[in-house]
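Since this is a predicted model, take the numbers as computed values, not measurements.
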Amino acid sequence: MDTITPTMRHLFQQLGLPDTPTDIARFIHDHRPLPEDVRVSEAPFWTPAQAMFIKDKLQSDDHWAVVVDELNTRLRAP
């Protein structure tokens, strides 16, 4: 069985967020910079379900962790 490598668009779909490139860029722009002392899974803009999804994916260190790490990096950019 083939598995797809998740993309930022897939991540936003899983989070129930608009997932066009423009929507993703707007979301990141509107929510950055995320302070260094706040874990990405604990950011105040997530719903509890979104926060749990992000936390689970980071802890499982599976193929989703890479794209969640990318989002984390992009949210911390000034």
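Under the side-chain hydrogen bond (donor to acceptor under 3.5 Å, both in side chains) criterion, His10 pairs with Thr7, sequence neighbours left out. Residues that satisfy the side-chain hydrogen bond (donor to acceptor under 3.5 Å, both in side chains) test with Gln14, not counting sequence neighbours, are absent from this structure. Residues passing the salt bridge (charged side-chain N to carboxylate O under 4.0 Å, His left out) test with Arg76, sequence neighbours excluded: none. Residues satisfying the side-chain hydrogen bond (donor to acceptor under 3.5 Å, both in side chains) test with Thr73, not counting sequence neighbours, are none. Contacts of Arg26 classified as salt bridge (charged side-chain N to carboxylate O under 4.0 Å, His left out), with partners at least two apart in sequence or in another chain: Asp23.
When all heavy atoms of Ile4 and His63 are compared, the pair lying nearest together is O-CD2, 4.0 Å. Counting all heavy atoms, side chain and backbone alike, Phe12 lies closest to Pro18 at CD2-O, 3.5 Å.
Taken together through direct or relayed side-chain contacts under 4.5 Å among Ile, Leu, Val, Met, Phe, Trp and Tyr, Ile54 and Val66 form parts of separate hydrophobic clusters.
Taking CG from Leu75 and NE2 from His31, the interatomic distance works out to 8.5 Å, rounded to the nearest 0.5 Å. Rounded to the nearest 0.5 angstrom, Met52 CE and Gln59 CD are separated by 8.5 Å. With rounding to the nearest 0.5 angstrom, the CZ atom of Phe27 is 13.0 Å from the OG1 atom of Thr20.
Contact annotation: the side chain of Leu71 approaches that of Ile28 to within less than 4.5 Å [non-hydrogen atoms, C-beta and beyond]. Within the 4.5 Å cutoff, the side chain of Leu11 has no heavy atoms near those of the Leu17 side chain. By the 4.5 Å heavy-atom criterion applied to side chains, Arg32 and Pro78 are not counted as neighbours. Here the side chains of Asp62 and Lys57 are in contact, with some heavy-atom distance below 4.5 Å.
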Enumerate, atom names and distances included, each donor-acceptor pair closer than 3.5 Å involving a side-chain atom of residues 38-49, sequence neighbours excluded.
{"unit_1": "Trp46", "atom_1": "NE1", "unit_2": "Val40", "atom_2": "O", "d": "2.7"}
{"unit_1": "Thr47", "atom_1": "OG1", "unit_2": "Gln50", "atom_2": "N", "d": "3.1"}
{"unit_1": "Thr47", "atom_1": "OG1", "unit_2": "Gln50", "atom_2": "OE1", "d": "3.4"}

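Under the 3.5 Å distance criterion, the side-chain polar atoms of His29 are left unmatched by any main-chain donor or acceptor of Ala25.
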